[in-house]
There are 2 protein chains.
Amino acid sequence: MEKHPVTIKDIARQLNISVSTVSRALRNVADINPDTKKAVLELASRLNYEPNIMAQSLVRRSTRIIGVIVPAIHSHYFSQALSGMTDVANENNYYLMFCQSNETYVQEVSSMKKLLACNVDGLLVSVSKETKDPTEFRRVKEKGVPIVMFDRILPDFPCNRVIVDEYEGAFKAVEHLIKKGCRRIVHIAGPEGLSISENRLRGYVDALGKHRLPVDEKLILRCKAFEEDALPLIRKVARLRPLPDGIFAINDRTAVLAMKYFHSHGIAVPADIRIVGFNDDPISEVVEPSLTTVMQPGYEVGKLAMGILIDEICKAPKAEQTFRLKTRLMIRNSSR
Amino acid sequence: MEKHPVTIKDIARQLNISVSTVSRALRNVADINPDTKKAVLELASRLNYEPNIMAQSLVRRSTRIIGVIVPAIHSHYFSQALSGMTDVANENNYYLMFCQSNETYVQEVSSMKKLLACNVDGLLVSVSKETKDPTEFRRVKEKGVPIVMFDRILPDFPCNRVIVDEYEGAFKAVEHLIKKGCRRIVHIAGPEGLSISENRLRGYVDALGKHRLPVDEKLILRCKAFEEDALPLIRKVARLRPLPDGIFAINDRTAVLAMKYFHSHGIAVPADIRIVGFNDDPISEVVEPSLTTVMQPGYEVGKLAMGILIDEICKAPKAEQTFRLKTRLMIRNSSR
DNA sequence: TTTTTTTCCGGCAACGTTACCGGAAACGTT
DNA sequence: AACGTTTCCGGTAACGTTGCCGGAAAAAAA
């Protein structure tokens, strides 16, 4: 074991030809005798030759590696997106390197440095909840490495983007509550400054506006993290008088947390209060009562983002676009 | 933009010294004047120099890239494991390339080929449900690329392994049911031949044996896939007479499926039938009644597997071991 | 036949880095 | 002063591959 992997030189030596001829035979280039080509290909497959990607990328200045940075690899939504990316990357003969920021800006930047050192051909990023400053991303772009942002984008940083239409999703969710008769609807919002938080909040506000309901600041509660600090907010909601009759939560975990809390405190869902979440996590189908929620097509977001990035790598630069995928309101029992 | 990234040569030119001197200054080697070293380091950081990993790996014959193959990136358990791996890899300055087999042998092998072409320093594999044949893995090992298998291992292929003690987990789960008074316990088992299926089955059988309960073949039902074909089996269970009084399911999704089915068919859980699952997916906490299940430490499995692989890459080969992480029985309402 | 064109191949340099070797200069020793 | 030692540096080859160029041999045209 530990033999040298077979190289182009080995083939050249055995066939008594030069390395450049072998190289040409292995690729689809003219200037090669069909017979030699056949001989080379045969020997190559017999020896189980695999080209050395490192050497290739060194001379080609392109690695076919794409770097991906997400806040957390575990997380139903992101792991679905990663899955979509992987499938598309595979089809197109690209390699993927994954990093997670664990929701910190520091890890995000250090991951980016590492990926750049690997000469990635492109970057797929969903920013951490701490990230506000686009300068690091600008630097990368100036080096000529294309970036596509997905889901959690940075408003100040122009680039191709793939997001779900969270505004519309939120709007539909809140409108659904209104149609069910809710008049005092709480929004448990996400961390400030994050695009997804703001979009969902806007959807909430506009839906109220459309139906001429007042926007009461006291009914808008902000999480700092995503789930960790939701419980105190939920307690606050339960103590509000009169009790709100609807909740639109930033995500399913928060919504479920609220449902569990209400259940153990004698507040009935949906009779006393209706609840809608966001994400369509597996838990939403399973919780009792099942949770109405906004489905985001994570797998599709991943596929699309990867597709766009690959396009940007290969072809001439087009105008930067923002692609919005539609959400779907999954109506279940928590709002019936 | 699209400027050449700064190389060791640029530094050498600007400082009027040779590339080898720069190279030495950048690394921790003797044979370098402290002053020159300082000058080089300063200029390097001023120019934002990053060494080209491709070039380094070409000459060092080591890429610091580790390939990971799992059946599915989405999946609560695997995404947790990947998360653990990523964190450990990062700490140790390794890069990760992820592939998913989508539970097919073909994709698994093609992923492996691709990763090898990238000259990965090691491989972390959890095999697909189709995989029986160890020859491809043997080949890799003969090339000197270390493999650590985790979770879904291949019995015929000797290597370092990290698994959870599924036997003990299953044993405890079934024993728990017995202690709650169950006497006719069904096992909804996983696909045949998979290590995890077999280990859990053995735990089931042995727990029955220990408590002198008969093993009834009619109470052991096999899934072919994991969840897709579970429903017919559950129907079968519901039609059994006398009705079984306990179920040990291969995973939480199957268990929840069963609970939902029973609920809509007037069978009470846990009064008529007690249920235990496997995995501790988020859904198990949330379902009504909450699901008793066997917790597997996915994140820890990932961390440990990566740690062992890195050890194997760096140090002299030690005897191959199988590391078993303990599970924990999470007792909830579905078995009370 | 000679000339032109085509076909095919080998040599060389390059990609960015490291490893090895040899040697100049500075220092220390007797 | 002559010698050995140490310190530090530059040159060169190599890692595996591709791209360019020049040229020999074969084929086509004159």
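Lettering of chains follows the sequences in order, A, B, ..., and the numbering in each one begins at 1.
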Inset, instruction - Fit a plane to each ring of A/F150 and A/F78, take the angle between them on a 0 to 90° scale, and name the class: parallel (under 30°), tilted (30 to 60°) or perpendicular (over 60°). - result: perpendicular

Inset, instruction - Please work out if B/S57 contacts a base, only the sugar-phosphate, or nothing of the nucleic acid, heavy-atom cut-off 4.0 Å. - result: nothing

Inset, instruction - May I ask you to evaluate whether B/T7 reaches the phosphate of C/dG16, defined as a side-chain N or O under 4.0 Å from OP1 or OP2? - result: no

Inset, instruction - Mind checking A/D31 for me? I need base, sugar-phosphate or nothing, with any heavy atom below 4.0 Å counting as a touch. - result: base

Legend entry - Between C1' of C/dA19 and CG of B/L58, the distance in whole Å: 14 Å

Inset, instruction - For A/N33, answer base if it contacts any base atom (sugar-phosphate contacts may also be present), sugar-phosphate if it contacts only those atoms, and nothing otherwise; contact means non-hydrogen atoms under 4.0 Å. - result: sugar-phosphate

Inset, instruction - Verify the contact: side-chain N or O of B/R27 to OP1 or OP2 of C/dA19, cut-off strictly under 4.0 Å; return yes or no. - result: yes

Legend entry - Whole-Å distance separating the CD1 atom of B/I32 from the P atom of C/dA19: 14 Å

Inset, instruction - Return the value, rounded to whole Å, for the distance between atom CD1 of A/I53 and atom C1' of D/dC15. - result: 15 Å

Legend entry - Distance, rounded to the nearest Å, where A/L26 contributes CG and D/dT17 contributes C1': 11 Å

Legend entry - Phosphate contact (C/dC9 OP1 or OP2) by A/T21 side-chain N/O below 4.0 Å: no

Inset, instruction - Return no unless some side-chain N or O of A/S23 is found under 4.0 Å from OP1 or OP2 of D/dT18. - result: yes

Legend entry - Between C/dA14 (P) and B/K9 (NZ): distance, integer Å: 8 Å

Legend entry - 5'-most by nearest nucleotide on DNA chain C - B/Y49 or A/V22: A/V22

Inset, instruction - Specify the residue among B/S20 and B/V59 whose closest nucleotide of DNA chain D lies further upstream toward the 5′ end. - result: B/S20

Legend entry - Check: B/Y49/B/D10 side-chain N/O donor and acceptor closer than 3.5 Å: no

Inset, instruction - Please state whether the rings of A/F98 and B/F98 are parallel, tilted or perpendicular, taking 30° and 60° as the class boundaries. - result: perpendicular

Inset, instruction - Just call it for A/R24: base, sugar-phosphate, or nothing, with non-hydrogen atoms closer than 4.0 Å on any strand. - result: base

Legend entry - Nearest-nucleotide comparison on DNA chain C, the residue closer to the 5′ end among A/I17 and B/V29: A/I17

Legend entry - Pairwise side-chain contact, B/K141 with B/P158, heavy-atom cut-off 4.5 Å (strictly under): yes

Legend entry - Short side-chain N/O contact from A/Q56 to OP1 or OP2 of D/dG16, under 4.0 Å: no

Legend entry - Neighbour count >12 (heavy atoms, 6.0 Å) for atom NZ, B/K303: no

Inset, instruction - Specify the separation, in whole Å, of atom CZ of B/R61 and atom P of C/dT17. - result: 19 Å

Legend entry - Gap between atoms CZ and P, on A/R60 and D/dT18 respectively (whole Å): 6 Å

Inset, instruction - Can you tell me the distance, in whole Å, between the CD atom of B/E50 and the P atom of C/dG16? - result: 15 Å

